[in-house]
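Inspection log for the structure reproduced underneath, given as structure tokens.
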Amino acid sequence: MKVKRIVANINTRDITAAKSFYQDVLGLDLMMDHGWIRTYGLNEEMGIQISFASQGGSETSTPDLSIEVDDVDATLEGMKRAGFPIEYGPVNEPWGVRRFYVRDPYGKLINILAHEH
């Protein structure tokens, strides 16, 4: 037996609010829409990870999701233009990532990060 995929589910009555954050700013594709559930993603090979944490690092709150991007600063500017509240950063952390925290339309704390090279 092997795990093939992990899907994060966010409970909400307003599934349409996800579009501006996850599709318009982050560039994810709408992969499925059954009216009661919309799934955003990419048809690319990605690593599967689940993290269990007592904090978010640097004494921050533990984020609900961590999303790795190729350009943290461009993503930060997109989030600001779209009006999403930045709660931490951007900062270069001592463990080798550049990141910021932002709230999605559902109030979930999202850690946007890129590994430094």
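Under the 4.5 Å side-chain contact rule for hydrophobic residues, Tyr106 and Phe100 share a cluster. A continuous path of ILVMFWY side-chain contacts below 4.5 Å connects Val102 to Val69, so both sit in one hydrophobic cluster. Under the 4.5 Å side-chain heavy-atom criterion for grouping Ile, Leu, Val, Met, Phe, Trp and Tyr, Val25 is connected to Leu65 within one hydrophobic cluster. Hydrophobic clustering, with ILVMFWY side chains joined whenever heavy atoms are under 4.5 angstrom apart, groups Leu76 together with Leu28.
Although no hydrogens or angles enter the test, the distance criterion places a donor-acceptor pair under 3.5 Å between the side chain of Tyr101 and the main chain of Ser61.
Note that OG1 of Thr39 and CG of Leu30 are 8.0 Å apart. Values are rounded to the nearest 0.5 Å. Between atom CH2 of residue Trp95 and atom CD of residue Glu116 there is a gap of 10.5 Å, rounded to the nearest 0.5 Å.
Legend: salt bridge (charged side-chain N to carboxylate O under 4.0 Å, His left out) pairs involving residues 12-34, not counting sequence neighbours, sorted by first then second residue: Lys19-Asp24, Asp33-Arg38. Applying the salt bridge (charged side-chain N to carboxylate O under 4.0 Å, His left out) rule to pairs touching residues 86-97 yields Glu87-Arg103, Glu93-Arg99, sequence neighbours excluded. The ring-ring contact (aromatic ring centres under 6.0 Å, His included) pairs that include a residue from residues 15-58 are Phe21-Phe84, where partners are two or more places apart or lie in different chains. Counting only residues at least two apart or in different chains, salt bridge (charged side-chain N to carboxylate O under 4.0 Å, His left out) contacts with residues 54-66 are absent. Under the side chain to side chain donor-acceptor pair (under 3.5 Å) criterion, the residue pairs touching residues 68-78 are Asp73-Arg98, with sequence neighbours excluded.
Scanning all heavy atoms of the two residues, the minimum distance from Ser66 to Asn111 falls at OG-ND2, 3.1 Å. When every heavy atom of Ala53 is checked against every heavy atom of Thr62, the shortest pair comes out as O-OG1, 3.8 Å.
Using a 4.5 Å cut-off on side-chain heavy atoms (C-beta onward), Leu26 and Met79 make contact. Counting heavy atoms from C-beta on, the side chains of Ile110 and Ile67 come closer than 4.5 Å. Contact of the Lys80 side chain with the Ile86 side chain is registered, since non-hydrogen atoms from C-beta on lie closer than 4.5 Å.
For Glu45, there are no side-chain hydrogen bond (donor to acceptor under 3.5 Å, both in side chains) partners, not counting sequence neighbours.
Shown here is Gln55, whose CD atom has more than 12 heavy atoms of other residues, nucleotides or ligands within 6.0 Å.
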